[in-house]
J.: 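So that we are looking at the same thing, I have put the structure below in structure tokens.
Chain letters run A, B, ... following the sequence lines, proteins first and then strands; every chain starts at 1. When reading the values below, keep in mind they use all heavy atoms of this one structure, side chains included, and skip hydrogens, waters and symmetry mates.
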There are 2 protein chains.
Amino acid sequence: MKTGGTRLANEAWEALLSAHARLVKQFAAEDTWHDLSMREYDVLYTLAKNAQPVRIGELHRRVLLSQPALSRLVDRLVERGLLRRLGDPADGRGVHLVLTESGREKQRQIGRQHARSVARAITAELDPAELHQLAIICGKLARRPAQDKEVSGP
Amino acid sequence: MKTGGTRLANEAWEALLSAHARLVKQFAAEDTWHDLSMREYDVLYTLAKNAQPVRIGELHRRVLLSQPALSRLVDRLVERGLLRRLGDPADGRGVHLVLTESGREKQRQIGRQHARSVARAITAELDPAELHQLAIICGKLARRPAQDKEVSGP
DNA sequence: TCAAAGTTCATGCGTTTGCATAGAAACCTA
DNA sequence: TAGGTTTCTATGCAAACGCATGAACTTTGA
């Protein structure tokens with residue numbers, strides 16, 4: 001017997017896409033991004049979240065951008081003094097990315113304001129129980145299945 | 001005292017972003033799209049869903065793309081014979097978009113395969129109850145809230 | 001009724017993106 | 001350890017994008 005979740009699954013996915021598009025547009029329209037794009041901020045945010053230096057490939061897994069585009073985005077951030085490329089001592093191919101103090105400060109500035117926007121927009125529609133469910137459910141969708149090879153750090 | 005859902009709201013939003021990025025990447029990597037991009041397919045899908053002709057501005061509200069970029073995306077689809085521009089008889093500025101039979105057929109082909117992918121990917125992680133909750137919650141986030149009056153300064 | 005303001009879509013132009021691929025380092029097998 | 005394969009990042013180049021603006025049309029208000 002089929003579970004028949006196909007229709008429901010597609011409806012859920014479409015709803016997620018719509019929610020994503022609506023909110024991203026709303027956030028993008030806000031005046032919180034100083035002189036960088038949301039994608040650039042996303043990179044700063046990811047780096048700020050991790051204490052350890054992050055490799056470009058690792059970043060590539062978290063960001064919706066092709067590897068060459070990400071490489072060039074990093075170029076720009078380096079050129080602006082927000083980021084530094086450091087060779088990975090353990091792997092000559094790899095590149096570690098580290099925020100400069102300036103980059104960290106810019107992330108904080110934007111982050112504070114953006115976090116408020118996010119909270120305002122989302123709590124306007126969802127109660128705490130729904131927030132919690134959404135986080136749980138999207139968490140399940142976000143974690144990469146299969147491909148279990150090595151399980152090293154975060 | 002505030003309800004303090006700020007942290008939870010931001011966690012939920014980050015989870016939604018991660019889920020979105022993970023799944024979009026996965027779908028994009030699949031060999032489903034024939035000779036068009038996911039954004040182009042998205043436009044065909046939206047047009048196929050509505051029986052009535054859709055105006056570009058209406059489409060713009062549903063798609064995460066600037067208006068000029070959308071206008072040119074439509075150009076390309078028209079040039080490929082998948083779409084037609086029709087003047088809106090009721091508003092000389094407006095443009096109605098209609099799928100050609102070829103465009104409708106292409107949407108169906110891609111859509112069938114893509115819908116299966118979506119169902120496979122999502123039901124692998126979520127049970128029916130979660131699917132339902134996700135659809136409900138994202139539905140709330142997706143619907144554009146009533147545009148309240150702006151309270152900008154004097 | 002008509003000029004000013006607003007709306008809708010298209011176009012010019014510089015920037016960013018993706019695809020294909022190159023280059024360098026690590027890995028693997030004999 | 002050499003040779004082939006795989007992994008990781010960068011670069012050439014054409015396509016696509018966003019911002020600013022233009023052109024055509026509608027709406028508004030005196």
J.: Would you mind classifying the nucleic acid contact of B:Leu70 as base, sugar-phosphate or nothing, using non-hydrogen atoms under 4.0 angstrom?
T.: nothing
J.: For B:Gln52, enumerate each residue passing the side chain to side chain contact (heavy atoms under 4.5 Å, CB included) test, keeping only those at least two apart in sequence or located in another chain.
T.: none
J.: For nucleotides 19-25 of chain C, just jot down a letter per nucleotide in 5' to 3' order: B, S or -, based on protein non-hydrogen atoms under 4.0 Å.
T.: BB----B
J.: So do the side chains of B:Leu65 and B:Asp42 get within less than 4.5 Å of each other, counting heavy atoms only?
T.: no
J.: For the pair A:Arg55 and A:Asp91, evaluate side chain to side chain contact (heavy atoms under 4.5 Å, CB included) and give the outcome as yes or no after the intermediate values.
T.: CA-CA 11 Å; A:Arg55 293 184 51 155; A:Asp91 183 342; 3.5 Å; yes
J.: Which residues satisfy the salt bridge (charged side-chain N to carboxylate O under 4.0 Å, His left out) test with A:Arg72, sequence neighbours excluded?
T.: none
J.: Roughly, in whole Å, what's the span from NZ in B:Lys25 to P in C:dT17?
T.: 13 Å
J.: What's the angle between the local helix axes at either end of the helix from C:dT1-D:dA30 to C:dA30-D:dT1, using five pairs per end and rounding to 10 degrees?
T.: 30°
J.: State which residues pass ring pair (Phe, Tyr, Trp, His ring centres under 6.0 Å) with B:His60; sequence neighbours excluded, sorted by chain then number.
T.: none
J.: Between atom CZ in B:Arg39 and atom C1' in D:dA15, what is the gap in whole Å?
T.: 12 Å
J.: To the nearest Å, how far apart are A:Arg76 CZ and C:dG14 P?
T.: 17 Å
J.: Taking only residues two or more places apart in sequence or in another chain, which ones pass side chain to side chain contact (heavy atoms under 4.5 Å, CB included) with A:Val24?
T.: A:His20, A:Met38, B:Trp13, B:Leu64
J.: In whole angstrom, what separates B:Leu64's CG from D:dG18's C1'?
T.: 12 Å
J.: Could you check how far CG of B:Leu86 sits from P of C:dT8, rounded to whole Å?
T.: 19 Å
J.: Which atom pairs, donor and acceptor, lie under 3.5 Å between side-chain atoms of residues 27-34 of chain A and protein residues at least two apart or in another chain?
T.:
{"from": "A:Glu30", "atom 1": "OE1", "to": "A:Ser117", "atom 2": "OG", "distance (Å)": "2.7"}
{"from": "A:Trp33", "atom 1": "NE1", "to": "A:Phe27", "atom 2": "O", "distance (Å)": "3.0"}
{"from": "A:His34", "atom 1": "ND1", "to": "A:Thr32", "atom 2": "O", "distance (Å)": "3.3"}
{"from": "A:His34", "atom 1": "NE2", "to": "A:Gln109", "atom 2": "OE1", "distance (Å)": "3.3"}

J.: Under the ring pair (Phe, Tyr, Trp, His ring centres under 6.0 Å) test, which residues partner A:His96, sequence neighbours left out?
T.: none
J.: Roughly, in whole Å, what's the span from CG in A:Leu77 to C1' in D:dT9?
T.: 16 Å
J.: My understanding is that only residues two or more places apart in sequence, or in another chain, count here; which of them pass salt bridge (charged side-chain N to carboxylate O under 4.0 Å, His left out) with A:Arg76?
T.: A:Glu40
J.: Mind calculating the distance between CG (B:Asp88) and P (D:dT26) to the nearest angstrom?
T.: 10 Å
J.: Mind checking what makes salt bridge (charged side-chain N to carboxylate O under 4.0 Å, His left out) contact with B:Lys49, not counting sequence neighbours?
T.: A:Glu14
J.: Between residues 44-59 of chain B and DNA chain C, which residues have a heavy-atom gap below 4.0 Å?
T.: B:Arg55, B:Ile56, B:Gly57
J.: Starting from C1' on C:dT7, measure out to NE2 on B:His60 and report it in whole angstrom.
T.: 13 Å
J.: Select from A:Ala90 and B:His96 the residue whose nearest nucleotide in DNA chain C is closer to the 5' end of that strand.
T.: B:His96
J.: Taking salt bridge (charged side-chain N to carboxylate O under 4.0 Å, His left out) as the test, write out the residues that go with A:Asp35, two or more places apart.
T.: A:Arg80, A:Lys106
